[in-house]
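Notes to accompany the following structure.
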Number of protein chains: 2
Amino acid sequence: MPTSPADSPRSRSGALTADKVIDAAVALTVERGLDNWTLRQLAAAIGAYPAVVYHHVGDRDAVVCAVLDRVVGQLELPDDRLGWQEWFSALLAALREVLRKHPGTARRMAAFGPSVEAAAPTLDRGVRILLDAGFGEESPLAYTLLTATACQFVALEDDRNCSPALRLNNTEEYAGYRQRDDLPGMAAQGRAMHRLLTDPEQAAGYHAKLFDAAVGRCLEGLACRLAQLQSS
Amino acid sequence: MPTSPADSPRSRSGALTADKVIDAAVALTVERGLDNWTLRQLAAAIGAYPAVVYHHVGDRDAVVCAVLDRVVGQLELPDDRLGWQEWFSALLAALREVLRKHPGTARRMAAFGPSVEAAAPTLDRGVRILLDAGFGEESPLAYTLLTATACQFVALEDDRNCSPALRLNNTEEYAGYRQRDDLPGMAAQGRAMHRLLTDPEQAAGYHAKLFDAAVGRCLEGLACRLAQLQSS
DNA sequence: ACCTGAACACCGTTCAAGT
DNA sequence: ACCTGAACACCGTTCAAGT
């Protein structure tokens with residue numbers, strides 16, 4: 001009886017509300033990831049029928065949007081007095097942490113963001129900091145670039161952690177090329193993959209390093225662009 | 001009779017092979033996107049039962065991997081004599097074009113890439129160019145950064161084109177903030193969104209511009225990094 | 001070896017009916 | 001207004017049976 005909410009944990013915790021449905025959805029997302037629970041499972045988790053999720057929140061997409069807003073709500077903004085590069089460095093590091101706790105949310109966040117209301121505080125502050133730094137009309141673009149880059153590299157990490165088998169296979173295959181002197185590019189890649197396979201410490205930090213490199217290069221690239229803007 | 005392959009186009013085009021299954025999968029991907037056809041629809045398109053797709057290729061994921069390899073097979077490498085920045089600029093522009101023709105492939109490509117065999121020619125050449133430019137041990141990381149950034153910004157474009165309604169809503173809502181002097185960051189964002197809504201030419205080129213900015217800032221950031229590496 | 005046809009265990013979503 | 005319980009039209013995958 002998979003649909004039966006019979007003996008589930010709603011015995012007497014008060015009436016069912018939209019908020020409680022979303023609480024449960026956030027919990028499932030933390031546990032298994034945004035794409036790894038079904039609406040039926042969410043309903044079962046609160047001891048209800050699927051139709052009551054529809055009644056209180058809406059379809060699956062509506063639940064997902066609500067989860068996204070909860071996630072950005074946990075984000076704390078860095079100190080105002082930091083320089084623009086340091087401010088974004090800190091913001092995006094905090095963003096990574098929050099997104100990583102809720103696997104699968106980074107992808108949606110990159111493509112569609114949270115609701116405008118939920119995005120507003122961060123967006124206003126971030127764009128203002130770029131305006132003050134001198135990016136002028138390009139400030140919204142720069143803000144989008146930085147946040148999209150951060151979200152997408154977290155999304156990549158989420159995706160890879162979801163199917164680690166596939167990833168390991170590839171890594172081993174690449175490592176096999178590490179002494180192919182006829183293919184020096186593949187050999188360099190192979191050595192890097194081999195290091196990843198033999199040094200567990202490096203493997204654990206790989207995605208953090210990739211994230212830092214992506215955000216770091218984006219910030220440096222923007223600093224170049226700022227210099228161009230100001231010299232003209 | 002949704003599963004019936006009855007009068008479908010396999011009358012007399014020769015025996016069914018893995019290659020023909022994959023041809024059909026590529027065609028469906030070009031038409032509707034990688035995530036918008038089902039294995040049952042693929043089977044129907046070649047006038048066969050779902051089980052024959054399993055027999056010749058494997059499960060849905062196996063078909064998807066085969067499609068990815070076909071897609072990267074279409075990629076042509078830029079002229080060797082270009083500088084590293086120009087070479088990658090050209091490569092990633094060509095990559096965007098190929099990926100855009102096959103919606104949905106960019107996301108998979110970013111996270112898992114094609115098979116090692118299909119990736120090898122591009123990867124070897126690309127990493128070699130970075131080695132020659134002076135990136136040393138960081139060449140594989142730089143290569144990953146560039147290709148992942150490119151794939152992911154195409155993926156973002158794919159995702160947004162898939163549900164244009166959601167995107168338009170957000171854009172209009174942001175545009176509503178364009179005269180909020182109390183929120184200068186949101187106002188700047190609002191003006192940018194308003195421009196997008198009123199100038200169709202700008203709207204059409206938005207994602208190309210975002211892609212160019214992402215790749216451009218990544219290349220500039222790497223140039224900074226290269227200068228750091230060489231001065232030490 | 002290859003294809004048939006049906007089955008299994010799921011989905012998201014809808015809806016009449018109850019209270 | 002809120003919940004029940006069943007139904008609808010799908011999925012991907014598996015499998016015994018045919019040829």
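Numbered from 1 within each chain, the chains take letters A, B, ... in sequence-line order.
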query = For the pair made of OH in A/Tyr54 and C1' in D/dC8, what is the distance, rounded to whole Å?
reply = 13 Å
remark   = Rounded to the nearest 0.5 Å, the CZ atom of B/Arg32 sits from the CH2 atom of B/Trp37 at a distance of 10.0 Å
inquiry  = Nearest 0.5 angstrom please: A/Leu183 CG to B/Arg125 CZ, how far?
reply    = 10.5 Å
task = Round to a whole Å and report the spacing from CH2 of B/Trp37 to P of D/dC11.
result = 12 Å
ask   = Tell me: CG of B/Asp59 to C1' of D/dT14, nearest whole Å?
value = 12 Å
ask   = Which nucleotide in the list D/dC2, C/dG12, D/dT13 gets nearest to the side chain of B/Leu39?
value = D/dT13
request  = Measure from the side chain of B/Tyr49, starting at C-beta and using heavy atoms only, and say which of C/dT4, C/dC2, C/dT14 lies closest.
outcome  = C/dT4
inquiry  = Whether the B/Gln152 and B/Arg107 side chains hold a donor-acceptor pair (N or O, under 3.5 Å, no angle test) is what I'd like checked.
reply    = no
query = Among the nucleotides D/dC3, C/dC15, C/dG12, which one has an atom lying closest to any side-chain atom of A/Arg40?
reply = C/dG12
query = Where do B/Lys20 and B/Ile46 come nearest, in terms of heavy atoms and distance?
reply = O-CG2, 4.3 Å
ask   = Under 4.0 Å between a side-chain N/O of A/Thr38 and OP1 or OP2 of C/dC10, yes or no?
value = no
inquiry  = Can you identify which nucleotide, out of D/dT4, C/dA1, C/dT4, has its nearest atom closest to the B/His55 side chain?
reply    = C/dA1
Rounded interatomic separation in angstrom, taking CG from B/Asp35 and C1' from D/dG12 = 15 Å
ask   = Distance check: side-chain N/O of A/Gln41 vs OP1/OP2 of C/dC10, anything under 4.0 Å?
value = no
ask   = Of the nucleotides C/dT13, D/dT14, C/dT14, which has the atom closest to the A/Ala51 side chain?
value = C/dT14
task = Using atom CZ of B/Arg60 as one end and atom P of C/dC11 as the other, report the distance to the nearest whole Å.
result = 18 Å
query = Does C/dG5 have a Watson-Crick or wobble partner in any strand here, with both distances under 3.5 angstrom, and which is it?
reply = D/dC15
